[in-house]
Amino acid sequence: MSENVVHLHKHTNAPAEPTTVGTAPTVLTVVPDAPSVRPVPLWVRSGRAVKTAVTHERTRSAGRAVVRHGLYTFNGGRIVARRAWDGRTGSRYERMIRAAEAAGNLEAAEEWEERLQRFRAARHHRRMDLLHSPVDAAKGVAVGAGMSVGVLVALGVVLAISTGQAADVVTPLSATIDFIALLIRIVQVVWGPAVTIGPFLALLALWSVGRKQHAAPQWALPANVRSGEGEPITPSIVVKALRDLGVPALARAIKEMGDAGASMLGPITIAGCGVEVDVTLPSGVSTNEVQNKRRKLAENLTRHEHEVFITIPQAARTVRLWIADSGALDEPIGPSPLVTDETMTADYKSGKAPWGQDLRGDAAALSLYQRHLLITGLSNQGKTVALRSLALWLSLDKSVQFLMGDLKGVGDWAMFDGLATTLIQGPTDEHVIQVTEMVESAVDEMNRRIQAPPGTTFPPLIVLVDEAQVAFMCPAKDEDKRPYGGSKANSRYFMAVRKIHNQGRAVNVLMWQGTQDPTNENLPKLVREGAHTRASLALGTESQARMALGDKAVDGGAAPNLLRPGLDRGTLVVASDGITIPAGQSSITVRTHYIDDDAATAITDRAKALRDGVTTLHAIDRTEERDPLADIAAVIGEATRVRTKDVLARLATRNPGAYGGWSFIDLKRVLDDAGAEPYKSDGVMVVSRDRVARALANRDTEGSASAE
């Protein structure tokens with residue numbers, strides 16, 4: 001026998017009593033104070049329904065349509081009235097005069113004032129003519145009517161003579177009267193409906209004018225009109241964008257100018273994948289007020305923020321707007337000439353590295369001659385690729401030497417093995433120590449060059465450190481308790497970089513650094529300001545942009561902090577005299593070519609073919625015991641012969657402590673003792689690889705024989 005349990009919900013505390021129905025006992029359980037579904041009040045349901053109806057997309061679309069078409073008609077009437085008023089009065093000329101005065105163009109103001117005087121004189125002449133026109137009109141009507149009747153009677157006489165009927169004399173006159181009566185009847189029939197329909201036709205005409213001018217708020221316009229995606233840039237669009245920028249003084253000035261606000265604009269010219277226009281601001285409006293509204297200006301121009309760039313040219317109270325074609329900046333710019341032209345070579349002194357394209361679409365090339373370099377940006381924005389592409393180009397000049405430290409250590413610079421004299425790769429403190437000693441060896445080489453006789457020329461020596469923030473933030477100290485990192489006077493890396501910045505340029509010893517997220521902690525101020533060429537990819541804040549590029553560039557419109565991380569990868573802002581920058585600007589935006597690892601390896605293979613062979617050191621040897629002859633053989637590498645001054649430079653790089661102070665006399669002494677004397681070739685002293693190798697072999701043979 002089954003038991004059925006029925007739960008009854010009550011709001012009383014009455015006890016549950018079992019009830020038996022027939023043979024199957026059913027227990028009725030009363031659950032006190034159980035939650036229940038209460039009926040929703042009618043007013044609540046009505047409110048929800050109203051809210052749903054109001055927020056429904058169809059309702060909102062209908063509301064926008066009502067507002068839009070109503071304002072089309074109202075504002076169309078305003079436009080027609082304004083045009084009529086302009087046609088009957090001199091207000092148009094007065095607006096043009098005010099616009100010319102606001103722009104400071106007194107010649108144009110005088111010309112418009114002369115036109116206004118001519119307009120007023122012509123209007124006065126017309127009004128004076130109106131005083132005599134009624135009498136002249138009456139005389140004209142009387143004379144015209146008399147002549148018309150005479151012509152009709154004469155025509156009737158001719159007709160009567162022709163037909164022989166005297167009654168035909170009045171036939172033309174009676175026909176004319178009948179025709180006039182017909183016209184009167186037609187007017188009587190049409191007049192009533194015309195009076196009824198006329199106002200509606202007038203409203204339709206006003207609506208059409210308002211619709212063509214989009215005379216309604218942006219939110220009420222149709223979606224395709226609101227977006228304006230890809231809308232061409234015209235003077236009226238620029239003026240409206242400036243008027244709606246939210247700068248009261250600018251809006252008032254443009255309102256006073258009316259449609260003549262376009263007089264603020266220079267010619268709109270095609271500039272690469274966009275257009276460029278100079279805007280002369282009216283008195284009382286500063287350039288930074290427009291710069292600070294970049295996002296709103298871009299949206300008013302139906303563009304994204306990254307598609308509008310605002311710079312400050314030389315002219316006073318002027319901003320230069322570069323407005324990209326919609327979506328153009330998201331398209332790739334094509335491969336680097338380093339990849340497509342396998343015959344390309346480099347010239348450190350007079351050449352320029354093909355880096356990418358500017359916003360105009362023109363090739364952007366950078367001169368590297370005697371310029372220290374600093375590239376900054378957030379992680380994974382293309383900093384290493386941008387820095388590496390410059391080194392790849394310069395590697396095609398066989399006279400250039402490289403000392404490289406990659407403190408990321410993931411192989412981004414591995415293709416320079418066999419090309420760079422030193423290549424240290426890794427992120428640890430030990431790698432920072434090695435890189436620091438490498439930079440210090442470059443300082444020793446710089447000092448040796450400075451002490452050379454006047455007029456001595458030296459090959460370029462590029463000291464490149466990628467991820468330099470790792471070195472500045474390294475906590476390690478040497479045996480004298482001097483820190484390797486930091487920005488104090490006893491910081492070894494900091495002081496070595498500062499020394500190269502101070503004097504390296506004169507003897508072609510140059511410092512290149514790439515670093516992330518510039519701050520005072522990971523990129524000290526003195527190091528930032530020591531770079532002649534400063535470039536920045538996307539950054540997070542304006543303060544970082546100022547650290548990366550300097551106050552002058554940022555105040556002039558440079559804004560790497562407004563680049564889109566990830567989307568604008570490889571796009572950087574450059575402040576340098578080594579690149580062509582439009583007159584009046586302090587920086588330029590460059591979209592760099594992307595060179596992948598395989599293409600970079602192919603370029604370095606071409607660079608290695610230009611050289612006699614370079615033995616790359618992957619660590620600074622700090623041992624006390626040295627074998628000068630073996631070290632000389634190591635730095636010569638696979639080359640047949642090497643100039644003595646290059647051998648000295650490579651020895652100083654290999655071990656600054658042992659060879660940093662060596663001169664030609666020291667080198668000649670070791671070689672003479674070993675029987676591998678240097679000799680002249682093409683007028684310069686060189687060291688022969690074969691002589692050094694033979695001297696080593698003879699020494700080893702003699703050593704083995706004496707041991708036996």
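All residue numbers in this chain count up from 1 along the given sequence.
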Does the side chain of [X] reach to within under 4.5 Å of the side chain of [Y], using non-hydrogen atoms?
| X | Y | value |
| --- | --- | --- |
| H431 | V470 | no |
| V642 | V687 | no |
| L510 | P460 | no |
| L651 | I632 | yes |
| L617 | M438 | no |
| I579 | D358 | no |
| D417 | Q425 | no |
| L403 | S441 | yes |

State whether the number of non-hydrogen atoms from other residues, nucleotides or ligands found under 6.0 Å of [X] atom [atom1] is greater than 12.
| X | atom1 | answer |
| --- | --- | --- |
| R641 | CZ | no |
| K608 | NZ | yes |
| L567 | CG | yes |
| E677 | CD | yes |

Residues forming a salt bridge (Lys or Arg N to Asp or Glu O under 4.0 Å) with D347, sequence neighbours excluded: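 For D347 there are no salt bridge (Lys or Arg N to Asp or Glu O under 4.0 Å) partners, ignoring immediate neighbours.
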Which residues share a salt bridge (Lys or Arg N to Asp or Glu O under 4.0 Å) with E521, sequence neighbours left out: none
Taking every non-hydrogen atom, the tightest pair across [X] and [Y]:
| X | Y | value |
| --- | --- | --- |
| P337 | M344 | CB-CE, 3.6 Å |
| P518 | L523 | CB-CD2, 3.8 Å |
| S688 | I636 | O-CD1, 4.4 Å |
| V614 | L419 | CG1-O, 3.8 Å |
| T616 | T422 | CG2-C, 4.2 Å |
| R320 | P313 | NH2-CB, 3.4 Å |

Does Y493 have any ring pair (Phe, Tyr, Trp, His ring centres under 6.0 Å) partners at least two apart in sequence or in another chain, and if so, which?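 Checked Y493 against ring pair (Phe, Tyr, Trp, His ring centres under 6.0 Å); matches are F472.
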Ring pair (Phe, Tyr, Trp, His ring centres under 6.0 Å) partners of Y369, counting only residues at least two apart: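 Scan of Y369 (ring pair (Phe, Tyr, Trp, His ring centres under 6.0 Å), adjacent residues dropped) gives Y348.
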Working note: L562 + E305, criterion side chain to side chain contact (heavy atoms under 4.5 Å, CB included); need CA distance, chi angles, decisive distance, verdict. CA-CA 8 Å; L562 297 181; E305 184 179 12; 3.6 Å; yes
May I ask you to decide if the ring planes of F416 and W413 are parallel, tilted or perpendicular, using 30° and 60° as cut-offs?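 The rings of F416 and W413 sit tilted, inter-plane angle from 30° to 60°.
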What residue among L378, T571, L537 forms side chain to side chain contact (heavy atoms under 4.5 Å, CB included) with L563? T571
N/O donor-acceptor pair under 3.5 Å between T601 side chain and M415 backbone: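 No, the answer is negative, given that no donor and acceptor are paired below the 3.5 Å cut-off.
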Spell out, as yes or no, whether a donor-acceptor pair under 3.5 Å connects the side chain of E445 to the backbone of A649. no
According to side chain to side chain donor-acceptor pair (under 3.5 Å), who are the partners of S587, at least two apart in sequence or on a separate chain?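 In terms of side chain to side chain donor-acceptor pair (under 3.5 Å), with neighbours along the sequence ignored, S587 is linked to no residue.
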Residue pairs passing the ring pair (Phe, Tyr, Trp, His ring centres under 6.0 Å) test where at least one lies in residues 378-401, sequence neighbours excluded: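 Counting only pairs at least two positions apart or across chains, no ring pair (Phe, Tyr, Trp, His ring centres under 6.0 Å) contact touches residues 378-401.
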Contact list for residues 509-544, test ring pair (Phe, Tyr, Trp, His ring centres under 6.0 Å), sequence neighbours left out: H372-H532
Does anything in [range] pair up under salt bridge (Lys or Arg N to Asp or Glu O under 4.0 Å), and if so which pairs, sequence neighbours excluded?
| range | value |
| --- | --- |
| residues 391-410 | K408-D412, K408-E467 |
| residues 489-516 | E440-R492, D478-R492 |
| residues 567-577 | R371-D577, R564-D568 |
| residues 457-466 | K383-D466 |

Inter-residue atom distance R528.CZ - T515.OG1, 0.5 Å rounding: 10.5 Å
Apply the test side chain to side chain contact (heavy atoms under 4.5 Å, CB included) to residues K668 and L671: give CA-CA distance (whole Å), side-chain angles for both, the deciding distance (0.1 Å), then the verdict. CA-CA 5 Å; K668 187 174 185 301; L671 293 174; 5.8 Å; no
Between D362 and Q357, does any side-chain donor sit less than 3.5 Å from a side-chain acceptor?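 Checked: D362/Q357 side chains show no N/O donor-acceptor pair below 3.5 Å.
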Once side-chain contact (heavy atoms from CB on, under 4.5 Å) is applied, do any residues pair with A452, and if so which ones, sequence neighbours excluded? T456, F458
